[in-house]
Peer 1: 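Here it is, the structure in full.
The residues of the chain are indexed from 1 along the displayed sequence. Fair warning: this is a prediction, and the values are worked out from it, not measured in the lab.
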Amino acid sequence: MLTLSAADVDKCLTYEGLVETLREAFRAGAVQPVRHHHTIERPRGSESTLLLMPAWSDFAAEEGDGHIGVKIVAVSPDNNAIGKPAVMGVYLLMDGKTGEPQALIDGQRLTLWRTACASALAASYLARPKAERLLVVGAGALASHLARAHKSQRPIREVKIWNRTPANAEKVAETLRGEGIDASVVDDLDAAVGWAHIVTCATLSTVPLVRGAMLSPGTHVDLVGAFSPTMRESDDEALSRASVYVDTRAGATKEAGDIVQGIASGALSPDDIKADLFELTRGEKPGRQSDGDITLFKSVGAAIEDLAAGIAVYRASKD
């Protein structure tokens, strides 16, 4: 069994390449039960969340033996206070026929890559082709990956970062500037939302940050945080003004706070969801219809993404 570190993952993947890998994975499909979601209560501090995300090849359609994989993730919000990422985890990839372990992969880094590239995959259908201005809301470990992934699909020329702690936003901007990207920090979130062609939001917020009233015609909103029903990054007006898309219907309508709360308030109905990534990648449903449309993509993460990324890392590591 291979043990692959975060650095190994970085060496094995490119943003353009992983977006295409995910595109093919959603077209082909896989078996992916809705993820297990467990709350870990603590006597002091915030509760943690344990996520178990299994998936395996659709062996009825798979040529060869395929793979089985499971990601084990803990989300601990209090980690931010001690300078550690909120998301920790590992990914176990196994032979689809024998169950033999093939690789144990750094789950935190794999999650960053696949999450950012799933957003970029959605943007390839939903963002305007000439989108040049990107707003990143949140300055966690995912922020720079989202900027790079979106840049792989659209001609992004300028990136602005907003975060509740401006110093953390400046660290992200500095990293991106070191890569030749025009990046800066903003303190007026509403104004930045109105400025952006793409708004990508990756936070642990429980209150709306992206206000629909501030969105300009043609904006694409990419909501990555709010992975539980009690969390939220956008308000009802954003949902009602936008054409709404999700990564998977089952996951989004059960777990995504923006979607769950929007349905509960009446701002959105399940039938209002235009398509998921399976339908978009297979051409079964259309993406953006005009330059003036506001589009909104909500992801909660899908095990098929981890499986596809894990297989890609495993194969590249053997080359």
Peer 1: Could you check if a side-chain atom of Arg42 sits within less than 4.5 angstrom of a side-chain atom of Ser48, using non-hydrogen atoms only?
Peer 2: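 Side chain of Arg42 against side chain of Ser48, heavy atoms only: contact under 4.5 Å found.
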
Peer 1: Measure the OG1-NE2 distance between Thr295 and His220 for me, rounded to the nearest 0.5 Å.
Peer 2: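 Thr295 atom OG1 to His220 atom NE2 measures 5.0 Å (nearest 0.5 Å).
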
Peer 1: Identify the heavy atoms of Glu47 and Pro77 that sit nearest to each other, and give their distance.
Peer 2: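 The pair with the smallest heavy-atom distance is O-CD, 3.6 Å.
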
Peer 1: Got a donor-acceptor contact below 3.5 angstrom from the Arg232 side chain to the Gln261 backbone?
Peer 2: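 Here the side-chain-to-backbone pair does not exist.
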
Peer 1: For Lys151, does the NZ atom sit with more than 12 other heavy atoms under 6.0 Å from it, leaving out its own atoms?
Peer 2: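 Count not over threshold, so no.
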
Peer 1: Between Leu307 and Ala30, which heavy-atom pair has the shortest distance, and what is it?
Peer 2: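 Looking at all heavy atoms of both residues, the closest pair is CD2-CB, 4.3 Å.
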
Peer 1: State the CG-NE2 distance between Asp95 and His67, to the nearest 0.5 angstrom.
Peer 2: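 Going from CG on Asp95 over to NE2 on His67, the span is 7.5 Å.
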
Peer 1: According to a 4.5 Å side-chain heavy-atom criterion applied to Ile, Leu, Val, Met, Phe, Trp and Tyr, with indirect links allowed, do Leu112 and Leu146 form part of one hydrophobic cluster?
Peer 2: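 Same cluster: Leu112 reaches Leu146 through Ile, Leu, Val, Met, Phe, Trp or Tyr contacts under 4.5 Å.
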
Peer 1: Using atom types as modelled and distance alone, determine if a side-chain donor or acceptor of Thr165 lies under 3.5 Å from a backbone N or O of Ala167.
Peer 2: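 Checking the backbone N and O of Ala167 against the side chain of Thr165, no donor-acceptor pair under 3.5 Å is found.
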
Peer 1: If you take all heavy atoms of Ile198 and Arg154, which pair is closest and at what distance?
Peer 2: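 Nearest pair, atom of Ile198 first, then Arg154: CD1-CG, 4.3 Å.
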
Peer 1: Could you go through the side-chain contact (heavy atoms from CB on, under 4.5 Å) check for Val210 and Val193 one step at a time?
Peer 2: CA-CA 7 Å; Val210 178; Val193 167; 4.3 Å; yes

Peer 1: Please tell me whether Leu4 and Leu18 are part of a single hydrophobic cluster in this structure, the criterion being side-chain heavy atoms less than 4.5 Å apart.
Peer 2: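 Linked, Leu4 and Leu18 end up in one cluster.
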
Peer 1: Decide ring pair (Phe, Tyr, Trp, His ring centres under 6.0 Å) for Phe26 and Phe278; before the verdict, give the C-alpha distance in whole Å, the side-chain angles of both, and the deciding distance to 0.1 Å.
Peer 2: CA-CA 5 Å; Phe26 275 99; Phe278 292 101; 4.9 Å; yes

Peer 1: Considering only heavy atoms from C-beta outward, does the side chain of Pro33 approach that of Trp56 to under 4.5 Å?
Peer 2: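 Yes. Closest side-chain heavy atoms under 4.5 Å.
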
Peer 1: For Gln153, give me all partners under side chain to side chain contact (heavy atoms under 4.5 Å, CB included), at least two apart in sequence or on another chain.
Peer 2: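 Only Val19, Arg23, Ala120, Ser124 meet the side chain to side chain contact (heavy atoms under 4.5 Å, CB included) criterion with Gln153.
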
Peer 1: CG/Leu239 to OG/Ser234 distance, rounded to the nearest 0.5 angstrom?
Peer 2: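 Answer rounded to 0.5 Å: 4.5 Å.
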
Peer 1: Using modelled atom types only, decide if a donor and an acceptor are shared between the side chain of Asp235 and the backbone of Arg211 within a distance under 3.5 Å.
Peer 2: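 A pair under 3.5 Å: no.
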
Peer 1: If two hydrophobic side chains count as joined below 4.5 Å and joins carry through other members, does Leu277 share a cluster with Val246?
Peer 2: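 Different hydrophobic clusters.
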
Peer 1: Let me confirm one number: the CG-CZ distance from Asp182 to Arg133, rounded to the nearest 0.5 Å.
Peer 2: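 Here the rounded value is 12.0 Å.
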
Peer 1: Please determine if Glu305 and Lys71 form a salt bridge, counting it only when a charged side-chain N lies under 4.0 Å from a carboxylate O.
Peer 2: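 No salt bridge links Glu305 with Lys71.
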
Peer 1: Whether the side chain of Thr3 engages the backbone of Leu104 through a donor-acceptor N/O pair (distance < 3.5 Å, no angle test) should be reported.
Peer 2: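 Pair absent, no side-chain N/O of Thr3 close to backbone of Leu104.
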
Peer 1: Using side-chain heavy atoms (C-beta onward) and a distance below 4.5 Å, is Asp258 in contact with Glu233?
Peer 2: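 When only atoms from C-beta onward are counted, Glu233 and Asp258 do touch, with a gap below 4.5 Å.
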
Peer 1: Above 12 or not: heavy atoms from other molecules or residues under 6.0 Å from CD of Glu24?
Peer 2: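 Yes, the 6.0 Å shell around CD holds more than 12 heavy atoms from other groups.
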
Peer 1: Would you say that Asp8 contacts Ser317 through its side chain, given a criterion of any heavy-atom pair below 4.5 Å between the two side chains?
Peer 2: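 Contact flag for Asp8/Ser317 side chains = no.
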
Peer 1: At their closest point, which heavy atom of Pro217 faces which heavy atom of Ile294, and how far apart are they?
Peer 2: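 Nearest pair, atom of Pro217 first, then Ile294: CA-CG1, 4.2 Å.
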
Peer 1: How close do Arg164 and Leu209 get, counting heavy atoms only, and between which atoms?
Peer 2: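 The pair with the smallest heavy-atom distance is NH2-CD2, 3.3 Å.
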
Peer 1: For Arg177, does the CZ atom have more than 12 heavy-atom neighbours from other residues, nucleotides or ligands under 6.0 Å away?
Peer 2: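 Enclosed.
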
Peer 1: Under a plain distance cut-off of 3.5 Å, with no hydrogens placed, do Asp236 and Ser265 share a side-chain donor-acceptor pair?
Peer 2: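 Looking only at side-chain atoms, Asp236 and Ser265 do form a donor-acceptor pair, the distance falling under 3.5 Å.
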
Peer 1: Counting distance only, does the side-chain N/O of Asp10 pair as donor-acceptor with the main-chain N or O of Ala7 below 3.5 Å?
Peer 2: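 It does not hold such a pair.
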
Peer 1: I'd like to know if the side chain of Arg288 and the backbone of Gly218 have a donor-acceptor N/O pair within less than 3.5 Å.
Peer 2: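 The answer is yes, because a donor-acceptor pair under 3.5 Å joins these two groups.
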
Peer 1: With salt bridge (charged side-chain N to carboxylate O under 4.0 Å, His left out) as the test, would you mind laying out the steps for Lys171 and Glu174 before giving the verdict?
Peer 2: CA-CA 5 Å; Lys171 291 178 183 177; Glu174 184 178 359; over 6 Å; no

Peer 1: Any heavy-atom pair between the side chains of Val186 and Leu135 that's under 4.5 Å?
Peer 2: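 Leu135 reaches Val186 side chain to side chain.
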
Peer 1: With the 4.5 Å side-chain cut-off for hydrophobic clustering, are Leu126 and Val136 part of the same group?
Peer 2: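 No, no single cluster joins them.
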
Peer 1: Counting only heavy atoms from other residues, nucleotides and ligands, does the tally under 6.0 Å from NZ of Lys285 exceed 12?
Peer 2: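 More than 12 heavy atoms, drawn from other residues, nucleotides or ligands, come within 6.0 Å of this atom.
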
Peer 1: When rounded to the nearest 0.5 angstrom, what is the spacing between OG1 in Thr253 and CD1 in Ile273?
Peer 2: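 Here the rounded value is 6.0 Å.
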
Peer 1: For side-chain hydrogen bond (donor to acceptor under 3.5 Å, both in side chains), just list the numbers for Ser243 and Asp293, CA-CA rounded to whole Å, side-chain angles, deciding distance to a tenth of an Å, and then say yes or no.
Peer 2: CA-CA 7 Å; Ser243 296; Asp293 287 349; 5.0 Å; no

Peer 1: Checking Gln289 side chain against Gly287 main chain: does a donor-acceptor pair fall under 3.5 Å?
Peer 2: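 Yes.
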
Peer 1: Check the pair Val90, Leu92 against side-chain contact (heavy atoms from CB on, under 4.5 Å), reporting the backbone distance first and the verdict last.
Peer 2: CA-CA 7 Å; Val90 295; Leu92 176 63; over 6 Å; no

Peer 1: To check you understand the geometry: which heavy-atom pair defines the closest contact between Met231 and Ala226, and what is its length?
Peer 2: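 In terms of heavy atoms, the two residues are closest at CB-CA, 3.5 Å.
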
Peer 1: In terms of hydrophobic clusters joined by side-chain contacts under 4.5 Å, are Val87 and Leu52 together?
Peer 2: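 No, Val87 and Leu52 fall in different hydrophobic clusters.
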
Peer 1: Under the criterion side-chain contact (heavy atoms from CB on, under 4.5 Å), I'd like the reasoning laid out for Glu279 against Arg249: C-alpha separation, chi angles, the key distance, then a yes or no.
Peer 2: CA-CA 10 Å; Glu279 294 164 321; Arg249 292 178 185 270; 3.0 Å; yes

Peer 1: Can you tell if the side chain of Asn80 reaches within under 4.5 Å of the side chain of Leu204, non-hydrogen atoms only?
Peer 2: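 Yes, at least one pair of side-chain atoms sits under 4.5 Å.
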
Peer 1: Counting only heavy atoms not in Asp188, do more than 12 fall under 6.0 Å of its CG?
Peer 2: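 Yes, because the 6.0 Å sphere around CG of Asp188 holds more than 12 heavy atoms from other groups.
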
Peer 1: Hey, are the side chains of Cys201 and Leu223 touching, using non-hydrogen atoms and a 4.5 Å cut-off?
Peer 2: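 They are in contact (side-chain heavy atoms under 4.5 Å apart), so the answer is yes.
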
Peer 1: Tell me, please, which residues at least two apart from Thr49 pass side chain to side chain contact (heavy atoms under 4.5 Å, CB included).
Peer 2: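 Side chain to side chain contact (heavy atoms under 4.5 Å, CB included) check on Thr49 returns His37, Leu51, Val75, Phe227.
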
Peer 1: Is it true that Asp306 and Arg114 make a salt bridge, defined as a side-chain N closer than 4.0 Å to a carboxylate O?
Peer 2: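 A salt bridge links Asp306 with Arg114.
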
Peer 1: For the residue pair Thr248 and Asp276, confirm or rule out a side-chain donor-acceptor distance under 3.5 Å.
Peer 2: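 The criterion, which ignores hydrogens and geometry beyond distance, is not satisfied for Asp276 and Thr248.
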
Peer 1: Output yes when a side-chain donor or acceptor of Lys298 lies under 3.5 Å from a complementary backbone atom of Gly225, and no otherwise.
Peer 2: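 Yes; at least one donor-acceptor contact below 3.5 Å.
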
Peer 1: Are any non-hydrogen side-chain atoms of Thr281 and Leu22 less than 4.5 angstrom apart?
Peer 2: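 The answer is no; the side chains never approach within 4.5 Å.
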
Peer 1: Distance from Met1 atom CE to Ile105 atom CD1, nearest 0.5 Å?
Peer 2: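 CD1 of Ile105 is found 10.5 Å from CE of Met1.
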
